[in-house]
Each structure stands twice: as structure tokens, then as C-alpha cells.
Amino acid sequence: MKRIYVANSVRFNRVRRSRLRRRERRKARKIEKKYRKIQIKSAIKSAISPDVAYRYRDRIIIDAPTVCSLSSNREEFFSFINLIRRTILDDRYPIFINFHLVEKMGVSAALILAAEIYRCRKLRQYKNGHSVMGNYPRTNSVKSTLSKIGFFNSIQVVDPGFEHEIPDQDDEVFIKMQSYKRVNTEDISAFATECLSYFAHLSVVARQRLNGAINEAISNALEHAFKMKGDYVGLAPLAWLCAVVNVEKTQFTIMVFDQGIGIPRTVPVLWKDRISHLLSAGYLSDSALIRIANELFRTSTGMGGRGQGFRTMRRFVEACNDGELRVFSNRGAYLYKRDEESELDDTTESMGGTLVWWRIKQYEQDF
Amino acid sequence: MSKTSELQSGPADQVMTIKIGSAFSRFPGPRYRRQGPNSGEQLRETILVPALRGSRKIFVDLDGTAGFGSSFLDEAFGGLVRQNLIKKDEFFKVFSFKSEEDSAILDDIRDSVERS
């Protein structure tokens, strides 16, 4: 009789304990849910107005800007890119990019966006699918640009394909984006050859200089951009490359992009630079630091002979009648044109990387 | 054609000819080995240093490649001076170059040696 009583009390205590544990767990879950809601609200509030990002069911929806372009809407585009990254890092919900509102998409913007989506998917992965999802754009020209440049393939999304004719894009040939973990000169040379196949009149020197310039840009990206400890530890350095050729205008644009720490953070600044900039502009902006790196051959190594990559990149522009080199890095932008004063420009939002951008207009009499 | 056959060497007082496009690679690469194949570091260690040990005069033919980056040239030639394998003022007494396709490459090499 006594033994049965003891057994019952033990069982009773066990049941009671498990009930208590279950109740505690429920309580903890409730608190966590409440906390998450507050966190998402505050993150969205701090990042951008709620009409751009909002939570729907189990995902956060982010509206892409109507114009995604570095030339006409850089500030808003960078804040959109930063919002994607911040949301992925701060929240545990997947994000959904709404492309329906996009009416214009620049090639360089598409390249940066593809790299960001690729990185975010690596940074956070979910059991049930990708951390970044989205819909296809509605505007035909945007859909066509993204499809032709290989945007969908690069982020492992089914390419919807696009057969309709777009009046503005008839003369444009897109060389699909590629990513590099190492400098493979043979692949780079094949890329440049494909790009220049529409310019049969180009001399051997032009081709060699282009190869050298792309080679330098990718080498710099992989060597310097990821040398110091960045914000995203564990991700392999990657450099992205793409090009657009406009046959009618005899013009081509080549872009190299990396998501490293940016040129301004790698340039050692001397006191004389600080003082001269304090006297002229009042502060040393990112664009001024890019100019220092570009024109004074100064880089993070501080060793003799280093920092010459920009010279190779500029030499290709110098050999052409009409061309320009633009370097976007973090908040700064630097424009170099032959025989002209370099132009500097800064934004409040950082792009979180470096984009080297050549636009060359090639006439037959060049070289 | 084998790589060594492009390194035409004779007695120590004769000129050794190195044609980069065939003795090394038609696609010169980045600065360091760790960055990718056919680097400037690789050219220096596998071809230039042995050539420097074997000859007093070295003639380098830079034509016939896909194109050079400044850092490749800097690591290959400027690196020789930085590593004290040759003195700065002796460099152009030992090395002579040919670059008919793009003469700007010669400026790069000169700059690299002077800044090393």
C-alpha cells in the first residue's frame, strides 16, 4: 500500500514538473515573439520609411526603388542595398524584394544587386529556402536587361527569358556577369576578347591594355579589398565582372565590383593630406581618399612599388579619344577623364564595396 | 616548343634571351602566386632568378602576350631589386627589354626599379 502511494507521488511530481516546464517554454516563446515584433518595427523604422519595407506573414518585403541607377539615383539605390543587408543580418525572417515598381535598371546597379543578393544568401540560409526572394520586374526593359546580363542565373533564379524587342536595347550587347575568386588571366582575356569582338579595328595595344586593366582591377579587389578584417567574416573574396557593348555608338562599358572594405579604408593618410583637405574642403571625404589612392600611388601596403594598379587602369582610358574611368567606393565617387580635372562626389549612404567602371568610345583612328 | 628552349643561353658573358610569351605564358597574371596562375612572383622565381645566376646580360622580349598589369611587372622586375638580388644601378646594365607592341610597359619597369 505504502509502495503504491510513493509511486503515485513520484509520478504526480514528474507530471507537475513537465507541466511547469511546458508553461515556462510557452511563456518564453510569447516573450520572444513580442520582442521580435518590436525589433522588426524598430529596424524598419531606423532603416527607412515603412512604405519601402514591411512585414507580411513570415517575410519582410522590401520595395526596390523605381529607378535603380548609379548615375541618376545613387543615394536611394545604395540605401536600398544597405537595407537588404541590414535586414538580413538583424532579423531572422527572410526578405522578399518587390521588383514590380522598378522602371529603370542600370547595368552597374544590376551587378551590385546581384552581388548583394548572392552575399546575403550566403550570410543567412533557411531550411525552407533562400533568405532573399523576390518577384520578376513588370517593366519589359528592366526584365530584358536583367535577363541579358545574367542577373537571374547569377543568383540561381530561373531566367524568365525575354524575346520582345526593346527599342533602346537593340544595339546593345550584354556580356554576362562573371565572378572570380582568383585572378585567371585566360578567362579575363576571353571576356575582353568577347567584349572587343565588336571593335575589329582595335589594335593589339588596345587589347593588351584592356586585359592589363581588368587584370589589375580584379587583382586589387581580391588582394586589398579583403585584406583587412571586414564586417562579414567567413565569406570568400569575390570580384564581379560584366560589360555592355553598344555597337551603334561604338562604345563599351566594363565594370569590376567587389564587396570589400573599400579604397578609403585602405589608404594611409599622411598629415599633409589631412591639412590640405582641411584647408580646402574642411574634411577628408571618401572621394578625396580615392583620388589620393588613384593619383599618388598610395595603398595599404605602404611598400615601394605598390599602388600602381590605377595607373594601368587609367592608361587604357588615356589611349582613347573619348573615355572615362569612374571609381565608386564606399561613400565616394571619383571620375577620371583624359586631359581633364578629376571630379569628386560623395553620398551619405555607403555602397559597401568598390566599383571600377570604364566607359570607352572607340573610333577607328584610335591607337 | 618547350619552355626551356625559349631561354637561349650561352657562356656567362653572352646575352640570354627570355621571351615571356613562350618561355613563361601568353597570359601574364597577377602580382603574387596566391592570387592566381602566371604571377609576377612566379616569373621572378622560376625564370628571372635562375637567368640572373647564369648570365651577365639578359634580354627580355615582352611582345606576344595578352597584356601586362603594372603589378605583375613590378613584382617580377622591381622585386629583384627589393629582394637584393640585383642592385638598382646595375639593373639596366644586366637587363635590356624589347616591347614594340606597347612601349608604356618599359616606363612601368623603369618606374618599378627606381621606386624599389
Side-chain angles (χ1 to χ4, degrees), chain A residues 180-193 196 202-227 237 239 256 294 296-299 301-319 356 367, chain B residues 20-21 24-44 61-86 88 91 98-116:
Chain A
Y180 289 85
K181 284 181 181 165
R182 296 184 84 206
V183 185
N184 190 332
T185 326
E186 277 189 53
D187 288 352
I188 292 169
S189 180
F191 179 90
T193 308
L196 298 181
L202 273 182
S203 68
V204 176
V205 186
R207 290 164 197 279
Q208 284 182 344
R209 286 187 182 181
L210 178 63
N211 273 324
I214 300 174
N215 193 345
E216 280 297 324
I218 294 178
S219 301
N220 276 1
L222 298 177
E223 181 67 16
H224 300 294
F226 299 90
K227 199 166 190 177
V256 177
N294 216 313
L296 303 178
F297 307 134
R298 215 180 291 160
T299 61
T301 58
M303 292 166 77
R306 304 298 200 273
Q308 295 181 340
F310 277 121
R311 184 163 59 179
T312 311
M313 295 182 214
R314 286 198 325 217
R315 190 175 285 154
F316 180 58
V317 177
E318 281 163 11
V356 180
F367 300 102
Chain B
I20 303 282
F24 181 62
S25 171
R26 226 179 72 71
F27 301 99
R31 180 185 287 272
Y32 301 115
R33 276 175 196 265
R34 63 169 183 266
Q35 289 177 293
N38 308 327
S39 62
E41 189 181 14
Q42 192 183 335
L43 172 70
R44 189 186 68 224
D61 186 348
L62 298 160
D63 291 333
T65 66
F68 293 96
S70 306
S71 12
F72 173 90
L73 297 168
D74 178 63
E75 193 56 37
F77 299 104
L80 288 172
V81 180
R82 281 197 293 276
Q83 297 205 341
N84 295 321
L85 295 164
I86 187 168
K88 199 187 286 189
F91 186 89
K98 178 192 158 202
S99 178
E100 286 175 356
E101 288 168 353
D102 188 2
S103 56
I105 292 170
L106 303 176
D107 297 336
D108 277 352
I109 296 172
R110 204 170 295 121
D111 269 15
S112 292
V113 173
E114 279 167 15
R115 286 154 60 95
S116 295

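If you're wondering where the values come from, they're calculated on a predicted model, not measured in any experiment. Naming: A, B, ... by sequence-line order, numbering from 1 per chain.
- Q83(B) is linked by a side chain to side chain donor-acceptor pair (under 3.5 Å) to nothing, counting only residues two or more places apart in sequence or in another chain.
- Rounded to the nearest 0.5 angstrom, D102(B) CG and R315(A) CZ are separated by 6.5 Å.
- Note that OG1 of T185(A) is 11.5 Å distant from CZ of R26(B), once rounded to the nearest 0.5 Å.
- Rounding to the nearest 0.5 Å gives a distance of 7.0 Å between CG of N38(B) and CD of E186(A).
- Of the possible polar contacts, one joining the T312(A) side chain to the S70(B) backbone as a donor-acceptor pair under 3.5 Å is found.
- Judged by distance alone, with hydrogens and angles left aside, the side-chain atoms of N211(A) form a donor-acceptor pair with the main-chain N or O of A66(B) at under 3.5 Å.
- Crowding of K181(A) atom NZ: a count of heavy atoms from other residues, nucleotides or ligands under 6.0 Å not exceeding 12.
- Contact record, S219(A) with Q35(B): O-NE2, 3.3 Å, taken as the closest heavy-atom pair.
- Note that CZ of R311(A) and CG of D111(B) are 4.5 Å apart. Values are rounded to the nearest 0.5 Å.
- Two residues are said to be in side-chain contact when any heavy atoms from C-beta on lie closer than 4.5 Å; R31(B) and E223(A) fail this criterion.
- By the ring-ring contact (aromatic ring centres under 6.0 Å, His included) test, F91(B) is found to be paired with F95(B), residues two or more places apart in sequence or in another chain being considered.
- With chain B as partner, the option from P237(A), A192(A), G212(A) having the largest number of non-hydrogen pairs under 4.5 angstrom is G212(A).
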